Amino acid sequence: MEHNLYIYNTLRRKKELFVPIHEDKVGMYVCGPTVYSDVHLGNCRTFISFDLIYRYLIYLGYKVRYVRNITDAGHLEGDRDEGDDKFAKKAKLEQVEPMEIVQKYTNGFHEILNIFNTLPPNIEPTATGHISEQIEIVKKILETGFAYEKSGTIYFDVEKYSKDFQYGILTNRKLEDLLEGTRELGGQDEKKGRLDFALWIKAKPETLMQWPSPWGWGFPGWHLECSAMSSKYLGNTFDIHGGGMDLQATHHTNEIAQSQACFHTAPANYWMHTNMLTVNGVRMSKSAGNGFLPKELFTGSHPLLDKGYSPMTVRFFMAQSHYRSTLDFSNEALQASEKGYSRLMEGYDRLKKLSFSDTSSIETAGLRAKCEEAMNDDFNSPIAISHLFDALRAINLIHDGKETISATDLKELKDVFKLFIEDVLGLKSETETSAGNEAYKKAIELLLNMRLEAKRNKDWATSDKIRNELTALGFEIKDTKDGFEWKI
RNA sequence: GGUUCGUUGACCGAGUGGCUAGGUGCCGGUCUGCAAAACCGUUUACGGCGGUUCGAAUCCGCCACGAACCUCCA
């Protein structure tokens with residue numbers, strides 16, 4: 001399979017030609033959510049970005065195995081390797097089982113991603129479902145000497161590891177610089193080095209989620225599950241590992257170290273990091289308190305919003321910026337996307353009804369190549385969309401009878417619009433689903449045909465009455481040269 | 001403090017040495033019974049100062065401002 005896809009690889013900080021390990025297959029692992037609270041829009045951006053990447057890889061003909069985990073254990077608050085994890089804390093607060101917390105927010109996560117029309121991953125493994133695999137990895141790392149035990153807790157020895165490997169490879173940092181930026185070890189710490197992190201943490205009697213291990217009862221460290229599950233389902237070395245940029249410095253850096261120490265090979269060939277969603281230039285995050293919940297966005301109930309925006313408007317808004325750039329969230333920006341999105345989709349509907357002529361008077365044939373070229377350049381969806389808008393102009397001119405298109409060109413244009421709008425960008429019409437059944441549509445068309453008749457008779461009173469009353473009911477009526485268009 | 005990245009027109013957002021990105025908005029026009037839509041045209045750009053070059057938004061240096069990471073975070 002010959003492709004010209006270039007991917008920006010964080011490992012080397014440049015775009016590289018994508019060559020998968022197995023010719024026509026791609027293994028992709030993306031760090032999923034920690035399910036202890038509602039996902040906010042920033043979280044969604046990452047998963048929507050990777051959905052686009054996944055969809056384009058499929059478009060190119062690859063057989064993709066997309067693994068995205070659910071972190072449901074072992075994620076501690078703060079950097080002290082002690083105490084309960086986020087799930088247990090929340091469970092205590094809400095007086096439920098930790099697994100009820102996990103289930104609740106996993107359900108919510110799936111619901112939201114479904115609303116955003118993202119494709120589900122092929123495998124969605126959980127940390128609690130892979131405790132024994134994680135224990136095996138800890139054992140192996142202990143054997144290789146890159147980890148040590150201190151009273152039931154196992155730490156990864158970063159300084160020892162950096163003698164053989166480049167620990168800060170993902171962020172291009174030297175060990176000395178990293179050490180400089182880390183706080184001094186406090187008196188309570190048991191670990192030897194400031195950068196050392198826990199692979200396995202000893203449980204206290206009151207710890208809610210704990211499992212037996214060769215080192216006593218405990219629970220896995222945060223980074224471990226990704227090493228365990230990615231290797232289990234994709235192999236010790238696979239093609240693409242992705243996640244949000246905020247995971248780069250700590251989570252992914254430690255993941256690489258663990259996997260390297262355990263399997264003696266780098267886990268992934270291409271590391272991809274998606275950038276953050278910002279509000280007034282500042283990163284959206286739970287801790288900053290500037291997180292938008294998707295629900296608040298759809299209904300417009302968030303104080304910073306003037307109105308609600310539909311899920312597809314938001315998806316389109318995100319696709320209009322590149323995944324490696326920060327994207328700033330504002331009313332004005334969303335309104336611009338809402339208008340642009342509806343114009344694009346109306347043009348797409350118009351395209352489906354277009355009739356052809358003997359020849360084409362306008363050039364549309366190069367669209368597929370242009371869109372592919374854009375997407376091949378590190379998934380540059382904003383450029384692909386700009387080409388679709390250029391084609392939209394042609395569609396409208398043909399629709400107005402000012403240009404013509406041949407049967408061959410029309411079929412190609414329809415195919416390309418379908419492929420890129422629906423399959424790659426993952427956009428779907430939001431009007432059709434609510435438009436209901438055929439009889440209902442026919443009834444509306446009956447009314448509009450009566451209006452057309454009235455217009456022919458210059459009976460403006462009847463004509464305007466039909467239009468105004470339909471408009472009042474929420475319909476949008478547009479007159480065209482020889483008829484009408486409508487939507488709700 | 002260290003590391004890294006960014007600063008593009010009214011707003012969002014691509015672009016890495018010469019070629020109108022695109023979207024939204026504004027203004028004018030065509031069309032229309034009116035409106036909407038559509039189409040055409042127009043408008044405001046590359047943070048500042050130097051340097052390299054025939055030519056720089058794009059490369060280099062300095063400065064200013066902002067952000068991210070270094071601590072849980074998609």
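Chain naming here is simple, since letters A, B, ... match the order of the sequence lines and numbering starts at 1 in each. Just so it is clear, the model here is predicted, and its values are computed rather than measured.
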[Y] and [X] aromatic ring geometry - parallel, tilted or perpendicular at 30°/60° bounds:
X       : Y       : result
H252(A) : H273(A) : tilted
F238(A) : Y29(A)  : tilted
H241(A) : W271(A) : parallel
H223(A) : F197(A) : perpendicular

If the [atom1] atom of [N] is compared with that of [M], how far apart are they to the nearest Å?
N       : M       : atom1 : answer
rC62(B) : rG25(B) : C1'   : 38 Å
rA36(B) : rG9(B)  : P     : 30 Å
rU43(B) : rG22(B) : P     : 14 Å
rC72(B) : rC63(B) : P     : 32 Å
rU8(B)  : rG66(B) : P     : 14 Å
rG41(B) : rU20(B) : C1'   : 13 Å
rC65(B) : rG47(B) : C1'   : 8 Å
rU52(B) : rC12(B) : P     : 35 Å

Reading nucleotides 32-45 of chain B 5' to 3', which nucleotides get B (base under 4.0 Å from a protein heavy atom), which S (sugar-phosphate only), which -? -BBBBSSSS-----

From C-beta outward on [X], which listed nucleotide comes closest to its side chain: [options]?
X       : options                   : answer
R173(A) : rC11(B), rG2(B), rG22(B)  : rG2(B)
F389(A) : rA74(B), rG22(B), rC12(B) : rG22(B)
I383(A) : rA21(B), rA68(B), rC72(B) : rA21(B)
L247(A) : rA74(B), rU4(B), rG13(B)  : rA74(B)
K86(A)  : rA74(B), rC72(B), rG22(B) : rC72(B)
A249(A) : rG13(B), rC70(B), rG2(B)  : rC70(B)

Looking at every strand, decide which applies to [X] at a 4.0 Å heavy-atom threshold: base, sugar-phosphate, or nothing.
X       : answer
Q335(A) : nothing
L277(A) : base
G42(A)  : base
A333(A) : sugar-phosphate
V30(A)  : nothing
T274(A) : nothing

Can you tell me how far [atom2] of [N] sits from [atom1] of [X], to the nearest Å?
X       : N       : atom1 : atom2 : result
K174(A) : rG2(B)  : NZ    : P     : 14 Å
F316(A) : rG22(B) : CZ    : P     : 14 Å
Q320(A) : rG25(B) : CD    : P     : 12 Å
R324(A) : rA74(B) : CZ    : C1'   : 17 Å
D177(A) : rG2(B)  : CG    : P     : 10 Å
D328(A) : rU8(B)  : CG    : C1'   : 15 Å
N254(A) : rC72(B) : CG    : C1'   : 13 Å
M276(A) : rA74(B) : CE    : C1'   : 5 Å

Result for 5'-nearest mapping on RNA chain B, choosing between H251(A) and Y323(A), is Y323(A)

Want to settle it: does T171(A) or I385(A) sit nearer the 5' end of RNA chain B, counting the closest nucleotide to each? T171(A)

Whether D51(A) and R55(A) form a salt bridge (side-chain N of Lys/Arg under 4.0 Å from carboxylate O of Asp/Glu) is what I want to check. yes

Does a side-chain N-to-carboxylate-O contact under 4.0 Å join D246(A) and R283(A)?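 So D246(A) pairs with R283(A) through a salt bridge.
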
Given [N], is OP1 or OP2 found less than 4.0 Å from the side-chain N or O atoms of [X]?
X       : N       : answer
S325(A) : rA14(B) : yes
N380(A) : rG15(B) : yes
T250(A) : rC70(B) : yes

Given the ring of F484(A), does R451(A) sit roughly above its face, with NZ or CZ under 6.0 Å from the centre of the six-membered ring and within 45° of the axis?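 The answer is no, since R451(A) fails at least one limit relative to F484(A).
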
When rounded to the nearest 0.5 angstrom, what distance separates OG1 in T278(A) from CZ in R45(A)? 8.5 Å

Stem segments of RNA chain B by first residue number [Watson-Crick or G-U, under 3.5 Å, at least 3]: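 RNA chain B stems, ordered by first number: B:1-7 with B:64-70, B:10-12 with B:22-24, B:27-30 with B:38-41, B:47-51 with B:59-63.
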
Side chains of T34(A) and K86(A): do they bring a donor and an acceptor to under 3.5 Å?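 No, because no side-chain N or O of T34(A) sits under 3.5 Å from a partner of the opposite role on K86(A).
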
Side chains of D409(A) and T364(A) only: does a donor on one sit below 3.5 Å from an acceptor on the other?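 Absent: no donor and acceptor within the cut-off.
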
Show your reasoning for whether side chain to side chain contact (heavy atoms under 4.5 Å, CB included) applies to E338(A) and F316(A). CA-CA 8 Å; E338(A) 182 175 61; F316(A) 179 74; over 6 Å; no

I'd like to know whether H302(A) forms a ring-ring contact (aromatic ring centres under 6.0 Å, His included) with F329(A), so could you lay out the CA-CA distance, the side-chain angles of the two residues, the decisive distance to 0.1 Å, and finally the verdict. CA-CA 12 Å; H302(A) 194 281; F329(A) 203 72; 8.4 Å; no

